[in-house]
**Student:** 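Dropping a structure here in C-alpha cells format, bear with me for questions.
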Amino acid sequence: MKTALITGATSGIGRSTAFALAEKNFKLVICGRREDRLETLRAELAEQTQVHTLTFDVRDKDAVFGAIAGLPDDFRQIDVLVNNAGNAHGLSPIESGDLDDWDAMIDSNVKGLLYVSKAIIPGMAERRSGHIINIGSIAGKEVYANGNVYCASKFAVDALSQGMRIDLNQYGIRVGQINPGMVETEFSQVRFKGDDARAANVYKGLQPLTPEDIAEVITFMVTRPAHVNLADVMVLPTAQASATIVKRT
Ligand code: NDP
Ligand code: 8X3
C-alpha cells in the first residue's frame with residue numbers, strides 16, 4: 001500500500017485529491033493549517049483508508065521539518081508527494097501591490113513547496129523511488145494583468161519542477177506538474193479576501209473546472225506504470241483558451 005502526503009488538503013484541489021487517492025487505496029498524510037477541517041476530513045476518509053493528519057503552515061520551516069520528522073512509522077515512507085498548498089493573495093497592479101500579499105504568495109507557493117520537498121526528498125532518494133506532483137497553474141505559463149507576483153510564484157514552481165526532474169533523475173524519482181486553469185474552489189475567496197461576490201464573478205457565465213476534475217488527473221498521473229512520467233499537464237475548462245481568453249455566456 002503506497003502512502004501519499006498532500007499539502008493543502010483542507011480545501012479545494014487538495015481535499016478532492018485526498019478522496020480520489022483514498023479510493024485507489026493510498027494511505028494518506030493530509031496537511032493544512034485548519035486542524036478542525038483536517039479532523040473532519042480524517043473522519044470522512046477513515047472508512048476507506050488509513051489517514052494521518054499534520055497541522056502546519058508551510059511557511060514555517062521548523063514546523064514543516066518537525067511535523068514530517070515526527071511522522072509515525074506507519075506513515076514515514078512517503079511514496080507520493082502532492083505539493084498543492086498555496087493561494088493567490090490580491091490582484092493588483094505591481095505599483096500598488098500589498099507587501100504582505102507578496103510575502104504570503106512567495107513564502108507559501110514557492111518557499112513552502114521547497115521546505116516540504118526538502119523534508120521528503122532524502123527518504124525518496126535513499127529508497128531510489130518516489131513521485132512528486134507539483135501544482136503549477138496556467139499562471140505559471142502565462143502572465144496576465146495584475147497577476148504579477150502570483151504568476152511569478154507559479155513560474156517559480158514551473159522552474160522548480162524542471163529542476164527537481166533533472167536533479168532527481170539519478171534516483172529514479174518521478175516529478176510531474178499539473179497546471180490547472182480556472183477551478184472553482186476557495187481560491188478566489190482567498191484572493192479577494194472573503195469578498196464572495198467578487199469571487200463568484202470570476203466563474204460567472206462559464207463552466208469552470210471542479211476540484212474533482214483536477215484530482216482525477218492527479219490520480220491518473222500517480223497511477224501510471226513506474227516507467228511513465230506525465231511531466232507537465234495543462235488542464236483547462238473548455239470555455240478557457242488562455243489565461244485571459246474565456247468564452248462567457
Ligand atoms: P483553496 O483555497 O481551496 O485551497 C488552498 C489550500 O492550500 C488549503 O487547503 C489551504 O489550507 C492550503 N494552504 C494555503 N496556504 C497555506 C499555508 N501557508 N500553509 C499550509 N497550507 C496552506 O484553493 P485551491 O484548491 O484552488 O488551490 C490549491 C492549489 O492549486 C494552489 O497551489 C493554487 O495556486 C493552485 N491552483 C488553483 C487554481 C484555481 O483556479 N483554483 C488554478 C491553478 C492552480 P489551510 O488554509 O487550512 O492551511
Ligand atoms: C489560478 C488560475 O488564472 O486565477 O492559478 O491565475 S488563475
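Every value quoted in this text rests on a predicted model; they were computed, and no experiment measured them.
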**Student:** Do Phe220 and Val235 belong together in a cluster built from hydrophobic side chains that touch within less than 4.5 Å?
**Tutor:** yes
**Student:** Considering residues at least two apart in sequence or located in another chain, which fulfil the side-chain contact (heavy atoms from CB on, under 4.5 Å) criterion with Glu216?
**Tutor:** none
**Student:** Short question: side chain of Asn109, backbone of Asn87 - any donor-acceptor pair under 3.5 Å?
**Tutor:** yes
**Student:** Is there a path from Val58 to Leu114 through hydrophobic residues (I, L, V, M, F, W, Y) whose side chains come within less than 4.5 Å of each other?
**Tutor:** yes
**Student:** So, Arg33 side chain and Asp57 main chain: donor-acceptor pair closer than 3.5 Å or not?
**Tutor:** no
**Student:** Quick check: does any side chain N or O of Asn169 sit under 3.5 Å from a backbone N or O of Ile166, one acting as donor and the other as acceptor?
**Tutor:** no
**Student:** So do Asp101 and Val149 actually touch side chain to side chain, heavy atoms under 4.5 Å?
**Tutor:** no
**Student:** Could you grab the distance from atom CD of Glu126 to atom CZ of Arg128, nearest 0.5 Å is fine?
**Tutor:** 9.0 Å
**Student:** Any side-chain heavy atom of Asn25 within less than 4.5 Å of one from Thr49?
**Tutor:** no
**Student:** Can you confirm whether or not the ring centre of Tyr150 sits under 6.0 Å from the ring centre of Phe187?
**Tutor:** yes
**Student:** Rounded to the nearest 0.5 Å, how far does CD of Glu23 lie from CD of Gln48?
**Tutor:** 5.5 Å
**Student:** Below 4.0 angstrom, N of the basic side chain to O of the carboxylate: do Arg165 and Asp232 qualify?
**Tutor:** no
**Student:** If the condition is salt bridge (Lys or Arg N to Asp or Glu O under 4.0 Å), which residues does Glu186 pass it with, not counting sequence neighbours?
**Tutor:** Arg34, Arg37
**Student:** May I ask you to decide if Lys204's main-chain N or O and Arg248's side chain share a donor-acceptor pair within less than 3.5 Å?
**Tutor:** yes
**Student:** Apply side-chain contact (heavy atoms from CB on, under 4.5 Å) to Lys2 and Val222, showing your working.
**Tutor:** CA-CA 10 Å; Lys2 286 189 171 178; Val222 302; over 6 Å; no
**Student:** Is it true that a side-chain atom of Asp60 and a backbone atom of Asp62 form a donor plus acceptor pair closer than 3.5 Å?
**Tutor:** yes
**Student:** Counting only heavy atoms not in Lys193, do more than 12 sit closer than 6.0 Å to its NZ atom?
**Tutor:** yes
**Student:** Search all heavy atoms of Ala67 against all heavy atoms of Leu54 and return the closest pair with its distance.
**Tutor:** O-CD2, 3.8 Å
**Student:** Take Leu91 and Tyr144 through the test side-chain contact (heavy atoms from CB on, under 4.5 Å) and record every step on the way to the result.
**Tutor:** CA-CA 10 Å; Leu91 183 69; Tyr144 53 85; 3.9 Å; yes
**Student:** Using modelled atom types and a 3.5 Å cut-off, is there a donor and acceptor pairing between side-chain atoms of Glu184 and backbone atoms of Tyr203?
**Tutor:** no
**Student:** Taking side chain as C-beta onward, heavy atoms only, is Ile94 less than 4.5 Å from Trp102?
**Tutor:** yes
**Student:** May I ask you to check whether over 12 heavy atoms, not counting those of Tyr171, lie within 6.0 Å of atom OH?
**Tutor:** no
**Student:** Where do Pro93 and Asn148 come nearest, in terms of heavy atoms and distance?
**Tutor:** C-ND2, 3.7 Å
**Student:** Tell me, with the steps shown, if Ser161 and Asp158 meet side chain to side chain donor-acceptor pair (under 3.5 Å).
**Tutor:** CA-CA 5 Å; Ser161 296; Asp158 194 38; 5.6 Å; no
**Student:** If I take atom CD1 from residue Ile132 and atom CG from residue Asn229, how far apart are they, to the nearest 0.5 angstrom?
**Tutor:** 10.5 Å
**Student:** Is any side-chain heavy atom of Thr10 closer than 4.5 Å to one of Leu38?
**Tutor:** yes
**Student:** Side chain to side chain contact (heavy atoms under 4.5 Å, CB included) with Ser117: which of Leu160, Asn83, Leu168?
**Tutor:** Asn83
**Student:** So which heavy atom on Ser188 is nearest to which on Val202, and how close?
**Tutor:** OG-CG2, 3.7 Å
**Student:** What is the minimum heavy-atom distance between Ile133 and Met221, and which atoms define it?
**Tutor:** CD1-CE, 3.9 Å
**Student:** With distance as the sole criterion, is a donor-acceptor pair present between the side chains of Asp98 and Ser92 under 3.5 Å?
**Tutor:** no
**Student:** Test side-chain contact (heavy atoms from CB on, under 4.5 Å) on Tyr115 and Ile68; report intermediate values, then the result.
**Tutor:** CA-CA 10 Å; Tyr115 297 154; Ile68 291 168; over 6 Å; no
**Student:** Pick one: which of Leu71, Leu81, Val29 meets side chain to side chain contact (heavy atoms under 4.5 Å, CB included) with Thr3?
**Tutor:** Val29
**Student:** Phe155 and Ile138: same hydrophobic cluster, using ILVMFWY side-chain contacts below 4.5 Å?
**Tutor:** no
**Student:** Under a 4.5 Å side-chain heavy-atom rule over Ile, Leu, Val, Met, Phe, Trp and Tyr, are Phe65 and Ile6 clustered together?
**Tutor:** no
**Student:** Could you tell me if the side chain of Phe75 sits less than 4.5 Å from the side chain of Leu5, heavy atoms only?
**Tutor:** no
**Student:** Quick one: does any side-chain atom of Arg174 pair with a main-chain N or O of Val228 as donor and acceptor, under 3.5 Å?
**Tutor:** yes
**Student:** What are the two closest heavy atoms between Met124 and Asp79, and how far apart are they?
**Tutor:** CE-O, 3.7 Å
**Student:** Does a sphere of radius 6.0 Å around CD in Glu35 hold more than 12 heavy atoms from other residues, nucleotides or ligands, not counting ones at 6.0 Å or beyond?
**Tutor:** no
**Student:** Supply the atom-to-atom distance His89 NE2 to Ser153 OG, rounded to the nearest 0.5 angstrom.
**Tutor:** 9.0 Å
**Student:** Between Ala4 and Leu21, which heavy-atom pair has the shortest distance, and what is it?
**Tutor:** CB-CD1, 3.7 Å
**Student:** Would Val116 and Val157 show up in the same hydrophobic cluster when neighbours are defined by side-chain heavy atoms closer than 4.5 Å?
**Tutor:** yes
**Student:** With sequence neighbours left out, what residues match Arg15 under salt bridge (Lys or Arg N to Asp or Glu O under 4.0 Å)?
**Tutor:** Glu44
**Student:** Do Asn179 and Ser137 make a side-chain contact, defined as non-hydrogen atoms from C-beta onward lying under 4.5 Å apart?
**Tutor:** no
**Student:** How many angstroms lie between CD1 in Ile78 and CD1 in Ile120, if you round to the nearest 0.5 Å?
**Tutor:** 5.5 Å
**Student:** Any side-chain heavy atom of His52 sitting closer than 4.5 Å to one from Arg42?
**Tutor:** no
**Student:** Could you tell me whether the side chain of Lys27 and the main chain of Asp74 form a donor-acceptor pair under 3.5 Å?
**Tutor:** yes
**Student:** So do the side chains of Ile13 and Val82 get within less than 4.5 Å of each other, counting heavy atoms only?
**Tutor:** no
**Student:** What is the distance from atom CZ of Phe26 to atom CG of Leu45, rounded to the nearest 0.5 Å?
**Tutor:** 14.0 Å
**Student:** Run the side-chain contact (heavy atoms from CB on, under 4.5 Å) test on Asn84 and Thr17 for me, step by step, so that the C-alpha distance in whole Å, both residues' side-chain angles and the decisive distance to 0.1 Å come before the verdict.
**Tutor:** CA-CA 10 Å; Asn84 164 75; Thr17 303; over 6 Å; no
